[in-house]
**Student:** 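Quick one: structure below, then a few questions.
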Amino acid sequence: MRIGVLTGGGDCPGLNHAIRGLVLRANQLGHEVVGFRDGWKGVLEGDTIPLGPAEVDGIHDVGGTMLGTSRTNVFKIDNGPEMVRDSLERLDVNALVGIGGEDTLGVLHKLSELGVPAVGCPKTVDNDLDATDFTIGFDTSINIATQAIDRLHTTARSHHRCMVVAIMGRHAGWLTWYSGIAGGAHAILLPEEPIDMDRLLEVVKARAGADGRGYSIIAVSEGAPLKEGEDMVLQDEGLDPFGHVKLGGIGKRLAKIIEERTGVETRTVVLGHLQRGGPPSALDRVLATQFGWYAAELVDRGEFGKMPAARSGTIEIVELAEAVGRLKVVDAERIRVSKGLWG
Ligand code: F6P
């Protein structure tokens with residue numbers, strides 16, 4: 001069989017390990033692999049590179065994706081699905097492996113329903129894909145965010161300031177929940193519920209103390225709404241091909257409110273794409289290798305419309321439909337714990 005693999009959507013550390021796992025296992029099983037450049041763009045344009053054991057050698061500590069990525073949406077392009085089918089036929093590719101998050105796997109799932117032989121691999125630093133406990137990139141990202149918060153403690157303490165740190169996560173607060181707790185943040189604000197402003201201001205004031213010598217660290221998800229029913233705070237106007245807005249504005253808005261209403265000097269740090277860069281953690285490397293490995297085995301068995309998933313410490317095979325049906329958000333019980341840690 002000839003397998004085509006693509007990485008789509010935002011990049012993340014660990015993608016190369018998934019490609020490597022897929023290529024090595026596919027090779028053992030007697031299949032050839034080609035890589036599509038730049039996500040769905042490469043599939044539509046038939047832009048490929050050969051992928052054998054030699055090509056994936058020595059990439060174990062390299063972040064990003066050796067294939068490149070894009071946010072191209074097949075279903076936003078005239079005759080997109082037909083173009084995909086033609087391209088696969090022309091290149092003699094008989095199975096497609098898509099490594100991606102909700103958008104890329106959403107497209108993959110729709111194509112699979114249209115008869116394209118497709119297998120998925122779950123990745124996203126946001127960890128918001130359903131049907132899997134963890135996605136590729138998440139572990140590295142929480143470690144980067146935790147280290148950043150650790151560093152903010154010392155500068156905030158020295159200056160007796162409040163530091164607001166904006167962490168990635170559009171609709172799900174997993175990154176902020178994990179790194180906020182790990183980094184000992186004094187308030188953790190998630191997209192799952194509106195900010196409790198009165199309590200937040202109380203925390204900042206109480207921690208500053210009567211002499212103003214205390215400090216506080218506020219960890220906020222980029223997608224956290226300021227008020228009930230209010231939209232997310234944008235960095236600027238403009239949508240990507242999947243209709244996503246550009247976030248990152250919440251940190252500045254929140255810092256202004258805190259400073260004005262508490263009198264505590266406040267600064268903002270937007271971690272942004274630092275959370276998606278650099279080498280993957282050991283956990284991400286292993287998880288990604290397993291996902292790639294099992295994706296090759298799914299193709300080999302002709303089990304399409306599925307993906308490997310991390311569940312309760314083991315790898316299970318799930319339907320793509322299960323993964324893309326809804327977003328996995330932080331549950332009420334976890335929120336109770338993170339709110340309990342405020343102060
Ligand atoms: O892929 C998920 C994500 O990292 C989000 O957390 C973030 O909002 C978004 O991507 C940023 O996208 P871009 O790389 O297109 O700016």
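Values below: every heavy atom of this structure, side chains too, minus hydrogens, waters and symmetry copies. Counting starts at 1 for both ligands and their atoms, in listed order.
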**Student:** Any atom of ligand 1 sitting under 4.0 Å from a heavy atom of Arg71?
**Tutor:**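 Arg71 counts as a contact of ligand 1 under the 4.0 Å cut-off.
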**Student:** Can you see whether Ser281 engages Asp139 through a side-chain donor-acceptor pair at a distance of less than 3.5 angstrom?
**Tutor:**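 Side chains of Ser281 and Asp139: pair found under 3.5 Å.
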**Student:** Any salt bridge between Arg336 and Glu333, counting N to O under 4.0 Å?
**Tutor:**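 Counted as a salt bridge, because a side-chain N and a carboxylate O are separated by less than 4.0 Å.
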**Student:** List every atom of ligand 1 that sits less than 4.0 Å from any heavy atom of Gly169, numbering the atoms from 1 in the order shown and giving each element.
**Tutor:**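 It comes down to these atoms of ligand 1: 6 (O).
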**Student:** Can you tell me if Asp126 contacts ligand 1 (heavy atom of the residue under 4.0 Å from the ligand)?
**Tutor:**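 Yes, Asp126 has a heavy atom closer than 4.0 Å to ligand 1.
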**Student:** Give the residue, atom name and distance (to 0.1 Å) of the protein heavy atom nearest atom 9 (C) of ligand 1.
**Tutor:**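 Protein heavy atom with the smallest distance to atom 9 (C) of ligand 1: Arg170 NH2, 3.4 Å.
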**Student:** Quick check on contacts: which atoms of ligand 1 are under 4.0 angstrom from a heavy atom of Glu222?
**Tutor:**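 Near Glu222, meaning under 4.0 Å from one of its heavy atoms, ligand 1 has 5 (C), 6 (O), 7 (C), 8 (O).
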**Student:** Dump the intermediate steps for salt bridge (Lys or Arg N to Asp or Glu O under 4.0 Å) on Arg71 and Asp240, then the final yes or no.
**Tutor:** CA-CA 7 Å; Arg71 292 200 186 271; Asp240 72 15; 3.7 Å; yes
**Student:** Return each pair, listed once, that meets salt bridge (charged side-chain N to carboxylate O under 4.0 Å, His left out) where at least one residue sits in residues 206-215; pairs must be two or more places apart or across chains.
**Tutor:**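 Every pair satisfying salt bridge (charged side-chain N to carboxylate O under 4.0 Å, His left out) with a residue in residues 206-215: there are none.
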**Student:** Report the part of His244 (side chain from C-beta onward, or backbone N, CA, C, O) that has a heavy atom under 4.0 Å from ligand 1; answer both or neither where that applies.
**Tutor:**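 Near ligand 1, His244 shows nothing, with every heavy atom at 4.0 Å or more.
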**Student:** Could you list which atoms of ligand 1 come closer than 4.0 Å to a heavy atom of Val125?
**Tutor:**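 Near Val125, the atoms of ligand 1 are 4 (O).
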**Student:** Within the 4.0 Å heavy-atom shell around Met168, which atoms of ligand 1 are there?
**Tutor:**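 Those qualifying, in numeric order: 4 (O), 6 (O).
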**Student:** For atom 11 (C) of ligand 1, what is the nearest protein heavy atom, given as residue, atom name and distance?
**Tutor:**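 Ranked first by proximity to atom 11 (C) of ligand 1 is Arg276 NH1, 3.5 Å.
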**Student:** With distance as the sole criterion, is a donor-acceptor pair present between the side chains of Thr140 and Asp284 under 3.5 Å?
**Tutor:**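 A donor-acceptor contact under 3.5 Å links the two side chains.
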**Student:** Quick one: nearest non-hydrogen protein atom to atom 16 (O) of ligand 1, plus distance?
**Tutor:**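 Looking only at protein heavy atoms, the one closest to atom 16 (O) of ligand 1 is His273 NE2, 3.0 Å.
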**Student:** Kindly state each residue pair satisfying side chain to side chain donor-acceptor pair (under 3.5 Å) with at least one member in residues 287-306, sequence neighbours excluded.
**Tutor:**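 The answer is His17-Thr289, Arg25-Glu297, His31-Asp300, Trp293-Glu297, Arg301-Glu303, Glu303-Lys306.
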**Student:** Between Asp130 and Arg326, does any side-chain N to carboxylate O distance fall below 4.0 Å?
**Tutor:**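 Yes, charged N to carboxylate O under 4.0 Å.
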